[in-house]
Amino acid sequence: VMVEDKLNFEVQTVQVDGRLTPGSERVITIPIVNAGDYEAKDAVARINIVNPFATAPFSTTDDTAYVGTLQPGESGSAKFRISVDADAVPKPYVLEVEVQYWDSLGNSYTSDTVRATVTVQQPSGLSTTAIVLISLAGVVVVVVLLSVMRRRRKRA
């Protein structure tokens, strides 16, 4: 019985369809390269958003993505929809990626885990706290102005 060696896969820079900020939901694309010596048929990528080193502030409803058949040196794309927790700290996080595939002899394999880095960015614009504080300040200014206007009318 012939058995081919397990393939190695590499991941390239993760692409995001917009800014990945706390509280957002985005589609990320992880380019996966067949770094082995033979074809990987019907490859399926799976992400693990919780790794042994730290809990990533993500959740997902689709942790698997069909990549297709990859020739040696060829890359394919795995797309995942992830949600970022509202209290996520802006910094890089590591996602673990495994690839399940079939070789030319019909044997099923699961690759070793590779790591992909996803960066949560600082939100742009005003935060909710800043908006609330500015609104409160505006209300205070309006109340003070109305009070001053009423006093002036009473004097006149």
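Proximity of a side-chain donor or acceptor of T60 to a complementary backbone N or O of I82 within less than 3.5 Å is not detected. Side chain of N48 to main chain of E96: no donor-acceptor pair is present (N/O by atom type, distance under 3.5 Å, no hydrogens or angles). When atom types are taken as modelled, the side chain of R19 and the backbone of Q122 share a donor-acceptor pair closer than 3.5 angstrom. Checked by atom type and distance alone, the side chain of D62 pairs as donor or acceptor with a backbone atom of R81 at under 3.5 Å. The closest donor-acceptor contact from the side chain of Y109 to the backbone of D5 lies at 3.5 Å or more, if one exists at all. Panel note: side chain D85, backbone A88; no donor-acceptor pair is recorded below 3.5 Å.
Using a 4.5 Å cut-off between side-chain heavy atoms of Ile, Leu, Val, Met, Phe, Trp and Tyr, with links allowed through other members, V118 and V89 fall into the same hydrophobic cluster. Residues V114 and V33 do not share a hydrophobic cluster, clusters being chains of Ile/Leu/Val/Met/Phe/Trp/Tyr side chains in contact below 4.5 Å.
Between Y66 and D42, some side-chain heavy-atom pair lies under the 4.5 Å cut-off. Side-chain contact between V120 and T21: absent, with no pair of heavy atoms (C-beta onward) separated by less than 4.5 Å. Using a 4.5 Å heavy-atom threshold, the side chains of F58 and S83 count as separate.
Screening I47, T61, L95 for a side chain to side chain contact (heavy atoms under 4.5 Å, CB included) with F80, the sole residue that qualifies is I47. A side chain to side chain contact (heavy atoms under 4.5 Å, CB included) with F9 holds for exactly one of V67, L70, T113; it is L70.
Considering every non-hydrogen atom in both V84 and P22, the closest pair reads CG1-CA, 3.8 Å. The nearest pair of heavy atoms linking V97 to A45 is CG1-CB, 4.4 Å. In this structure, G36 and L7 approach most closely via the heavy-atom pair CA-CD2, 3.4 Å. Taking every heavy atom of both residues into account, P72 and E39 meet most closely at CD-N, 4.1 Å. Here the shortest heavy-atom pairing between T29 and K79 reads OG1-CG, 3.5 Å. The nearest pair of heavy atoms linking R26 to V16 is CB-CG1, 3.9 Å.
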Item checked: Chi angles and distances behind the salt bridge (Lys or Arg N to Asp or Glu O under 4.0 Å) call for D103, K41 -> CA-CA 6 Å; D103 68 10; K41 294 182 180 180; over 6 Å; no

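The OG1 atom of T13 sits 11.0 Å away from atom CD1 of I30, with the distance rounded to the nearest 0.5 Å. In this structure, CD in Q121 is found 9.0 Å from OG in S24, a value given to the nearest 0.5 Å. Going from atom CG of D112 over to atom CG of N8 covers 6.5 Å, rounded to the nearest 0.5 Å. Between the CD1 atom in I32 and the CD atom in E98 there is a gap of 11.0 Å [rounded to 0.5 Å]. With rounding to the nearest 0.5 angstrom, the CD atom of E25 is 11.0 Å from the CG atom of L20. Here the CZ-NZ distance, from R150 to K154, works out to 8.0 Å after rounding to the nearest 0.5 Å.
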